[in-house]
Amino acid sequence: MKKTNEILDQARRKLDDIVKPYLWPQEELLTYLNQSIDELCENFVLEDDWRSGISLIGSSNITFSQADKTIIITGGGFRDAGLHTVKEFTVIGTANNNNTFTVSTTIKPGVSDTKIIVDEALVDESDTSAVLTGTEAVCIIPIIASTHTYDYSDRIVRIKRAKLSLDTYPLSILRTSVNSYMDGNYPDWENADDATPWMMLTKGFGNHRFRLYPPPLVNDTLNLVVNRRMMYDITNNDLGQNIPEIPGELHEKLHYGIIHRAYEKQDAETYDVKKALLHKADWDNVIEKIKRQNLLEEYEAETVTPHNAFT
């Protein structure tokens, strides 16, 4: 696994741009790196689910202060998949106050003595300990009774699976469909009475929106398994850090994506169509290999023979 600066240095050496002033400033190479990572993610490199998120590590103590609406975490730190990500947290008091509320903050893994400003004064000063759980907002969506249409994060590339928390049947995964199928098979489906949803419609409601069918009868939580983009863009502050969300075997390939974009820069000293095409071919091979692996996995998932115990 390579650190961000090592990936950029590798690309800069191959560009023969190691003497200042650089033909490609660091900010430009970072832009090309982020674009390359985003392209990987569009091809389903990253998978996440509702069990992902933040967990406290070490001997962490949590102190609530109702007066200034803060939560102080001392003596420990965070374990997190990302470098620095805006997260949604649920904090549950374990002493005299069992209220739950949501806070939003930017944290870094491994950083102790962290102060979080909370959104609501629902904490009790007598609470000196808590369970702090965090999950990507992309993977958990609150469901409201009688409300059928919901937004989801623009970081999601594909929703692979969705399941309601209150629907405890082991195989109760929501089916996915589109409006045309519903129109042909369920006349007047848009006026269905509230019940337990069993279908998710992901087309025809605007970008990053879906509709549940039928509308939910009660409040619930929708748990998602998704392919997504990185939760943040890499900046100069991350140059000495790893890129933990991207599989390590792909770190060695990222320079192809950076270099072909660099040679496409519209400048007399940088633009080189032949070199751009050469390195783009290498990068396209990386993408095609990922696509073939995805197709193979989907084919195996669709054709596996069920075990007799489950038929």
Worksheet, complete the sentence: Here the pair of heavy atoms bringing T270 nearest to K265 is OG1-O, 3.1 Å
Fill in: Residue pair T235, L30: steps toward the side chain to side chain contact (heavy atoms under 4.5 Å, CB included) verdict
CA-CA 7 Å; T235 69; L30 277 170; 5.5 Å; no
Worksheet item: Side chains of I259 and L15: does their closest heavy-atom pair fall under 4.5 Å?
Response: yes
Worksheet item: Is it true that E28 and R261 make a salt bridge, defined as a side-chain N closer than 4.0 Å to a carboxylate O?
Response: no
Discussion item. Applying side-chain hydrogen bond (donor to acceptor under 3.5 Å, both in side chains) to E39 and Q35, what does each step give before you reach the verdict?
Written reply: CA-CA 6 Å; E39 189 174 355; Q35 290 172 347; over 6 Å; no
Worksheet entry | ILVMFWY network linking Y152 to M199, side-chain heavy atoms under 4.5 angstrom | no
Worksheet entry | Donor-acceptor pair, side chain of N43 and main chain of I290, under 3.5 angstrom | no
Practice prompt. To the nearest 0.5 angstrom, please state how far the CG atom of D38 sits from the CE atom of M230.
Written response: 9.5 Å
Fill in: Check: D183/W189 side-chain N/O donor and acceptor closer than 3.5 Å
yes
Fill in: Gap between atom CD of Q26 and atom OG1 of T31 - 0.5 Å precision
10.5 Å
Discussion item. Tell me if the CG atom of D267 is crowded by more than 12 foreign heavy atoms within 6.0 Å.
Written reply: yes
Discussion item. Could you report the tightest heavy-atom contact between N223 and L164, atom names first, then the distance?
Written reply: ND2-C, 4.4 Å
Fill in: Closest heavy-atom pair and its distance - R211, E190
NH2-O, 3.0 Å
Item to complete: Answer yes if V286 and Y32 sit in the same cluster of Ile, Leu, Val, Met, Phe, Trp and Tyr residues linked by side chain heavy atoms under 4.5 Å apart, and no otherwise.
Response: yes
Item to complete: Could you tell me whether the side chains of Q10 and E6 share a donor-acceptor contact shorter than 3.5 Å?
Response: no
Worksheet item: Among I37, L250, N294, which residue meets the side-chain contact (heavy atoms from CB on, under 4.5 Å) test with V45?
Response: L250
Worksheet item: If we only count heavy atoms from C-beta on, is the L33 to L254 side-chain gap below 4.5 Å?
Response: yes
Worksheet item: For the atom pair CD1 (I234) and CG (N34), what is the distance rounded to the nearest 0.5 Å?
Response: 5.5 Å
Item to complete: Could you pull out the closest heavy-atom pair between K3 and L239, with the gap in Å?
Response: CB-O, 4.3 Å
Practice prompt. Measure from the side-chain N and O atoms of N219 to the backbone N and O of I144, and report whether any donor-acceptor pair falls under 3.5 Å.
Written response: no
Worksheet item: Should W198 and I173 be counted in the same cluster of Ile, Leu, Val, Met, Phe, Trp and Tyr side chains packed under 4.5 Å apart?
Response: no
Worksheet entry | Distance-minimising heavy-atom pair for L201 and V178 | CD2-N, 3.9 Å
Discussion item. Within a 6.0 Å radius of atom CG on N185, are there more than 12 heavy atoms belonging to other residues, nucleotides or ligands?
Written reply: yes
Worksheet item: Centre of F44's six-membered ring, under 6.0 Å away, within 45 degrees of the axis: is that where NZ or CZ of R158 sits?
Response: yes
Worksheet item: At what distance, to the nearest 0.5 angstrom, does CG of L29 lie from OG1 of T4?
Response: 12.5 Å
Worksheet item: Can you name the nearest heavy-atom pair linking P197 to P215, along with the distance?
Response: CG-C, 4.3 Å
Worksheet entry | I18, CD1: over 12 other non-hydrogen atoms inside 6.0 angstrom | no
Fill in: Steps toward side chain to side chain contact (heavy atoms under 4.5 Å, CB included) verdict (E252, K2)
CA-CA 8 Å; E252 286 290 341; K2 287 191 171 186; 3.0 Å; yes
Worksheet entry | D188 CG: over 12 foreign heavy atoms closer than 6.0 Å | yes
Worksheet entry | Joint hydrophobic cluster, L222 plus V157, side-chain heavy atoms closer than 4.5 Å | no
Worksheet item: How about N285 and D282: does a side-chain donor come under 3.5 Å of a side-chain acceptor?
Response: no
Worksheet item: Is NZ or CZ of R209 both nearer than 6.0 Å to the six-membered ring centre of Y150 and within 45° of the ring axis?
Response: no
Discussion item. For the CD atom on E269, are there more than 12 heavy atoms of other groups (residues, nucleotides or ligands in this structure) within a distance under 6.0 Å?
Written reply: no
Worksheet item: For the hydrophobic clusters of this structure (ILVMFWY residues joined by side-chain heavy atoms under 4.5 Å, transitively), does one cluster hold both Y263 and I258?
Response: yes
Worksheet entry | Gap separating the CG atom of L224 from the NZ atom of K160, nearest 0.5 angstrom | 12.5 Å
Worksheet entry | From OH (Y213) to OG (S177), nearest 0.5 Å | 10.5 Å
Item to complete: Go through the steps for W24 and Y271 under the test ring-ring contact (aromatic ring centres under 6.0 Å, His included), then give the verdict.
Response: CA-CA 11 Å; W24 292 274; Y271 183 69; over 10 Å; no
